[in-house]
2 protein chains.
Amino acid sequence: MAPDQESVSTAIQEPLCAVFRRRLKQAGHKYTPERARILDAIIRIDDIFDAETLQRALSAGGHDVSKATVYRTLKLLQDAGIIQQLMIDPEQSRWQLVYGRSPRAVLIRVDTDEITPIDLPGLDELCRRACADRGLRLEGRRLHIFATGD
Amino acid sequence: MAPDQESVSTAIQEPLCAVFRRRLKQAGHKYTPERARILDAIIRIDDIFDAETLQRALSAGGHDVSKATVYRTLKLLQDAGIIQQLMIDPEQSRWQLVYGRSPRAVLIRVDTDEITPIDLPGLDELCRRACADRGLRLEGRRLHIFATGD
DNA sequence: GTCGGTGCAAATGCTTTGCATTGAT
DNA sequence: ATCAATGCAAAGCATTTGCACCGAC
């Protein structure tokens with residue numbers, strides 16, 4: 001149980017909260033109700049989100065969590081490889097769930113400000129090759145596409 | 001002279017400062033020495049840069065420019081399509097020259113924090129197709145690749 | 001001569017941090 | 001019981017803005 005190295009298939013089947021709990025323990029952190037609720041809210045949102053949206057979703061669910069804890073937990077979730085921080089606009093950070101799946105690209109409509117995560121087959125291979133060509137190992141990627149409607 | 005729509009080949013041959021001056025005039029702005037010097041410094045840096053690096057380069061060249069003007073001019077250069085704002089880390093923005101060429105991807109060594117712009121043939125086509133599939137027109141893109149050495 | 005630009009210092013707003021209290025293990 | 005986590009309010013810090021003076025057109 002709880003192998004140090006887990007395959008992606010294992011990852012997909014294991015509940016995310018269990019993954020988070022294990023990663024926290026490995027790093028000497030505690031698994032608190034606040035942290036559980038934050039991850040839960042992120043899973044429910046199932047989209048790109050910012051800190052304020054997340055905090056509001058928590059409040060709406062009857063669980064007020066302080067801004068400080070939200071930010072501290074987001075960092076932990078990032079360190080655990082569960083979420084990825086996007087930097088779409090410099091005003092505020094947004095995050096997306098990435099654990100157990102290929103990070104999606106982000107499509108930004110510059111005319112409507114609509115933000116949509118999309119799958120882009122072939123992107124991973126492109127990045128992997130770019131790294132391999134330089135003797136490096138791909139650790140992550142972030143693609144923002146800016147587009148406009150006709 | 002000074003066509004409203006210019007081809008890429010024209011763009012490459014025309015000095016960037018002339019492009020900037022023209023775009024400023026079109027938008028009812030003035031072409032000031034500070035703005036000229038800022039663009040000049042950016043061209044000389046010829047790499048990814050942040051606001052502080054840019055301001056220091058200007059000072060080193062004997063031309064002090066205020067932080068406020070640096071930021072205001074960066075926004076104008078961005079609106080003119082001459083530079084692109086990157087958001088590599090949430091601490092501070094960085095920019096790169098993009099006028100007349102395909103924006104380069106950014107390779108970030110997570111072990112050394114080294115940041116290198118790279119060309120990634122095929123990326124443009126990938127993004128263009130993703131937009132076309134959704135009836136959109138590609139306006140820009142930003143790819144950050146995180147990698148580590150062995 | 002007109003407006004827009006510049007520099008300074010103050011303001012802004014997201015994110016982080018210090019500290020006393022609370023709670024997971 | 002211990003040591004980390006929480007919440008609050010205050011601090012940080014890159015970036016923006018108000019305002020008086022200056023300068024491109």
Side-chain angles (χ1 to χ4, degrees), chain A residues 2 17-18 20-41 48-56 58-59 61-80 83-95, chain B residues 2 17-18 20-42 48-59 61-80 83-95:
Chain A
C17 55
F20 190 29
R21 189 205 298 249
R22 178 159 40 79
R23 299 276 172 106
L24 285 172
K25 182 173 291 183
Q26 283 172 1
H29 295 300
K30 291 172 184 169
Y31 185 70
T32 66
E34 286 83 0
R35 289 175 183 171
R37 286 183 204 124
I38 289 171
L39 176 53
D40 195 56
I48 292 170
F49 62 92
D50 56 36
E52 199 194 332
T53 304
L54 179 56
Q55 198 184 11
R56 258 207 284 269
L58 286 160
S59 291
H63 298 298
D64 286 319
V65 177
S66 72
K67 230 171 12 181
T69 297
V70 167
Y71 280 111
R72 284 189 277 237
T73 304
L74 286 171
K75 190 168 288 176
L76 290 169
L77 284 162
Q78 190 171 230
D79 293 344
I83 62 174
Q84 178 195 39
Q85 186 171 17
L86 303 169
M87 261 99 67
I88 296 171
D89 67 274
E91 307 301 301
Q92 70 183 168
S93 286
R94 293 168 204 250
W95 289 264
Chain B
C17 55
F20 190 30
R21 189 206 299 249
R22 179 158 40 79
R23 299 276 171 107
L24 285 173
K25 182 172 293 184
Q26 282 172 1
H29 294 300
K30 290 172 183 169
Y31 185 71
T32 66
E34 287 83 0
R35 291 176 181 171
R37 285 184 204 123
I38 288 171
L39 176 52
D40 195 56
I42 290 171
I48 291 170
F49 62 92
D50 57 37
E52 199 194 332
T53 304
L54 179 56
Q55 198 184 12
R56 257 208 284 270
L58 287 159
S59 290
H63 299 297
D64 287 317
V65 177
S66 72
K67 230 171 11 181
T69 297
V70 168
Y71 281 110
R72 284 190 276 237
T73 304
L74 285 172
K75 189 167 289 176
L76 289 170
L77 284 162
Q78 189 170 231
D79 292 344
I83 64 175
Q84 178 196 37
Q85 186 171 17
L86 302 169
M87 261 97 68
I88 295 171
D89 67 273
E91 308 300 300
Q92 69 182 170
S93 286
R94 292 169 205 252
W95 289 263

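FYI, side chains are in, hydrogens and waters are out, and symmetry mates aren't considered; it's all heavy atoms of this structure. In what follows, every chain begins at residue 1, and chains take the letters A, B, ... in the order their sequences are listed.
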When you measure from the side chain of B/R35 to the backbone of B/K30, do you find a donor-acceptor pair of N or O atoms at a distance under 3.5 Å? yes
Starting from P on C/dT17, measure out to NZ on A/K75 and report it in whole angstrom. 6 Å
Determine: side-chain N/O of A/S93 to OP1/OP2 of C/dT15, distance under 4.0 Å, yes or no. yes
When you measure from the side chain of B/E34 to the backbone N and O of B/V65, does any donor-acceptor pair fall under 3.5 Å? no
Does A/D64 reach a base, just sugar-phosphate, or nothing at all? Heavy atoms under 4.0 Å. sugar-phosphate
Which heavy atom of B/S93 sits nearest a heavy atom of B/D50, and at what distance? O-CB, 3.5 Å
Start at the 5' end of DNA chain C and walk down; is the nucleotide closest to A/Y31 or to B/S66 reached first? B/S66
For a 4.0 angstrom threshold against heavy atoms of chain B, report the outermost contacting nucleotides of DNA chain D in 5' to 3' order. D/dA14 to D/dC25
Please state how far atom NZ in B/K67 lies from atom C1' in C/dG7, giving the value in whole angstrom units. 11 Å
When rounded to whole Å, the CZ to P distance for the pair B/F20 and C/dG5 reads 10 Å
Taking CG from B/D89 and P from C/dC14, how many angstroms apart are they, rounded to a whole number? 18 Å
Quick one: A/R35 CZ to C/dT22 P, roughly how many Å, whole number? 18 Å
Round to a whole Å and report the spacing from CZ of A/R56 to P of C/dC14. 11 Å
Please tell me which of B/H29 and A/T32 maps to the more 5' nucleotide of DNA chain D, matching each residue to the nucleotide holding its nearest heavy atom. A/T32
Need one value for A/P33: base, sugar-phosphate or nothing, where a base atom within 4.0 Å counts as base even if backbone is also close, heavy atoms only. sugar-phosphate
Describe, in one word, how the ring planes of B/F49 and B/W95 are oriented to each other, choosing from parallel (under 30°), tilted (30 to 60°) and perpendicular (over 60°). parallel
Considering only C/dG7, C/dC14, C/dT25, which nucleotide approaches the side chain of B/R72 most closely? C/dG7
Does A/T73 use its side chain to pair, donor to acceptor, with the backbone of A/T69 at less than 3.5 Å? yes
Nearest heavy-atom pair of B/A80 and B/R23: which atoms, and what distance? O-NH1, 2.6 Å
CG of A/L39 to CG of A/L76: how many Å apart, nearest 0.5 Å? 11.5 Å
Both B/L76 and B/E91 contact DNA chain C. Taking the nearest nucleotide for each, which residue is further toward the 5' end? B/L76
Would one find a side-chain N or O of A/K25 under 4.0 angstrom from OP1 or OP2 of C/dA24? no
Starting from P on C/dG23, measure out to CG on A/L24 and report it in whole angstrom. 19 Å
If only side-chain N and O atoms of B/T69 are considered, is one of them under 4.0 Å from the OP1 or OP2 phosphate oxygen of C/dG7? yes
Distance, rounded to the nearest Å, where B/Q92 contributes CD and C/dC14 contributes C1': 16 Å
